[in-house]
Amino acid sequence: MESKILLLIIVIGSLVMTSVKATEYVRPPPRKTLHFPWDPKPSIQPEQVHISLAGGKHMRISWVTTDHSGSSYVEYGTSPGNYNSIAHGESTSYEYLLYHSGKIHHTVIGPLNDGTIYYYRCGGEDPEFQLKTPPAQFPVTFAIAGDLGQTGWTTSTLDHLTECNYDVHLLPGDLSYADYVQYRWDTFGNLVQPLASSKPWMVTQGNHEKENIPLIKEPFASYNARWRMPFKESGSTSNLFYSFEVAGVHAIMLGSYTDYDKYSEQYKWLKADLLKVDRKRTPWVLVLFHVPWYNSNKAHQGEGDQMMTAMEHLLYAAGADIMFAGHVHAYERTRRVFNGKQDNCGAVHITIGDGGNREGLAHNYMYPKPKWSAFREASFGHGELKIVNSTHALWSWHRNDDDEPVRSDQVWITSLVGSRCIPQNNEGLREYLLEP
Ligand SMILES: *[C@@H]1O[C@H](CO)[C@@H](O)[C@H](O)[C@H]1NC(C)=O
Ligand SMILES: [Fe+2]
């Protein structure tokens with residue numbers, strides 16, 4: 001009798017154990033790198049079309065023609081096939097060892113109406129593309145995914161982004177994983193074209209964009225030629241750091257791999273940019289860079305410390321709300337934090353370098369989990385930030401569960417605007433930022 005009861009307990013116990021196991025998420029291995037036919041046969045047909053915000057009410061259209069006789073103009077209008085406006089732009093190209101790039105065109109169109117669909121054509125050639133300009137005010141939604149690469153997981157992430165109803169894509173570095181093999185920039189451009197030609201993609205650079213060869217090739221040459229961002233429009237001297245404003249949000253895009261010390265161009269520009277922020281116009285301040293400052297994964301641990309030491313105090317003084325980083329191939333969200341400790345006036349830090357590249361996931365975490373870490377998981381996925389008004393934003397992270405996007409973390413984030421953390425009328429901040 002007793003042994004029967006014991007057996008029953010063991011059977012029930014093991015059933016409970018397996019059902020617990022079944023609900024636990026099993027993280028998938030990396031997927032294969034995609035192979036694309038690459039056909040450099042000269043053509044004036046536009047390819048690799050992507051768009052980016054280019055100052056108030058303007059959009060930059062970027063594309064490549066493998067034939068260098070392609071023209072840099074864009075025809076556009078608000079109904080299909082009916083282009084009542086035209087804008088002329090510029091082009092560039094580069095050489096990289098034995099590789100010759102196509103003609104890379106950049107053309108700014110506008111002024112455009114907010115929240116409006118435009119139809120456009122590049123260099124007088126079909127096909128017709130369409131884009132949607134972001135809204136003038138809240139609500140505004142950002143899709144965020146970093147460290148994308150070109151694998152089976154990348155397509156899964158891109159498919160989920162297609163389902164997401166977002167206005168602007170934010171990418172905190174590591175785009176193509178070309179890693180010196182230049183035609184991979186071209187295949188990446190074509191892979192993301194369906195998304196990047198219809199909504200603005202605002203990117204900053206990661207280590208995989210560097211591609212420098214000492215004495216032969218400057219860092220970021222290919223990235224800068226292809227992914228031109230609105231740096232001049234935001235008073236910056238370099239494509240590696242800039243800012244933009246959209247629908248009540250001031251977004252600052254920093255460079256983790258360019259000088260950031262007190263005497264650097266980037267540091268001086270950041271101070272000047274923070275002084276321009278008007279929290280009445282843009283209640284939200286977002287910051288993006290590649291190497292995370294708060295991350296409890298063992299991968300790349302401490303790599304962001306120097307930049308954090310140099311710049312965190314400026315962003316704290318200005319009351320930055322959320323900082324996004326990539327680099328670590330996992331997801332992590334912190335509580336508000338500053339100077340290594342929880343701080344109600346600090347920023348929420350989100351590491352979202354889990355777009356799906358070929359290097360796979362970063363599984364090893366530090367124990368015990370730091371107090372500031374609110375959620376961490378090594379899975380591929382993407383994030384969505386829906387800013388509903390001047391004080392409330394809904395952040396969600398969607399894990400690529402097999403190929404389904406499963407919402408795995410969700411939290412309301414309230415902005416620092418109106419709190420004692422933000423100096424009224426920039427009082428004190430001005431003196432602080434103007435200090436040499
Ligand atoms: C902002 O949105 C939140 C969440 O929907 C709501 O609770 C709050 O009242 C809103 N605030 C304003 C000023 O509309
Ligand atoms: Fe990286």
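Everything quoted here is computed from the prediction, not taken from an experiment. Atoms within a ligand are numbered from 1 in the order they appear, just like the ligands themselves.
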Query raised in the report: Looking at the Fe ion (ligand 2), which N/O/S atom of D174 is the nearest one?
Result: OD2
Query raised in the report: Which word best sums up how the rings of H382 and H398 line up, parallel for under 30°, tilted for 30 to 60°, or perpendicular for over 60°?
Result: parallel
Report task. For V388, counting its heavy atoms only, list the atoms of ligand 1 lying under 4.0 Å from any of them. Result -> 2 (O)
Query raised in the report: Hey, is atom 9 (O) of ligand 1 under 4.0 Å from any protein heavy atom?
Result: no
**Report entry** Opening angle at the Fe ion (ligand 2) [OD1, N207; NE2, H290; to 10 degrees]
**Finding:** 90°
**Report entry** Shortest protein heavy-atom distance from atom 7 (O) of ligand 1, along with the residue and atom involved
**Finding:** H392 NE2, 4.4 Å
Query raised in the report: Distance from N344 atom CG to R420 atom CZ, nearest 0.5 Å?
Result: 7.0 Å
Query raised in the report: Within 45° of the six-membered ring axis of Y99 and under 6.0 Å from that ring's centre, is NZ or CZ of R184 located there?
Result: no
Query raised in the report: Are Y177 and F188 near enough that their ring centres are under 6.0 Å apart?
Result: no
Requested in this report: For the pair R336 and D321, find out whether any cationic side-chain nitrogen is under 4.0 Å from an anionic carboxylate oxygen.
Outcome: yes
**Report entry** N, O or S from D147 under 2.8 Å to the Fe ion (ligand 2)
**Finding:** no
Report task. Assess whether side-chain contact (heavy atoms from CB on, under 4.5 Å) is satisfied between H106 and I104, documenting all intermediate values. Result -> CA-CA 7 Å; H106 299 290; I104 303 166; 3.6 Å; yes
Query raised in the report: Got an N/O contact under 3.5 Å between N389 and ligand 1?
Result: yes
Query raised in the report: Looking at the Fe ion (ligand 2), is one of the N, O or S atoms of H327 less than 2.8 Å from it?
Result: yes
Query - Heteroatom test (N, O or S) for H208 near the Fe ion (ligand 2), limit 2.8 Å - result: no
Query - Carboxylate-amine/guanidinium proximity below 4.0 Å for E233 and R60 - result: yes
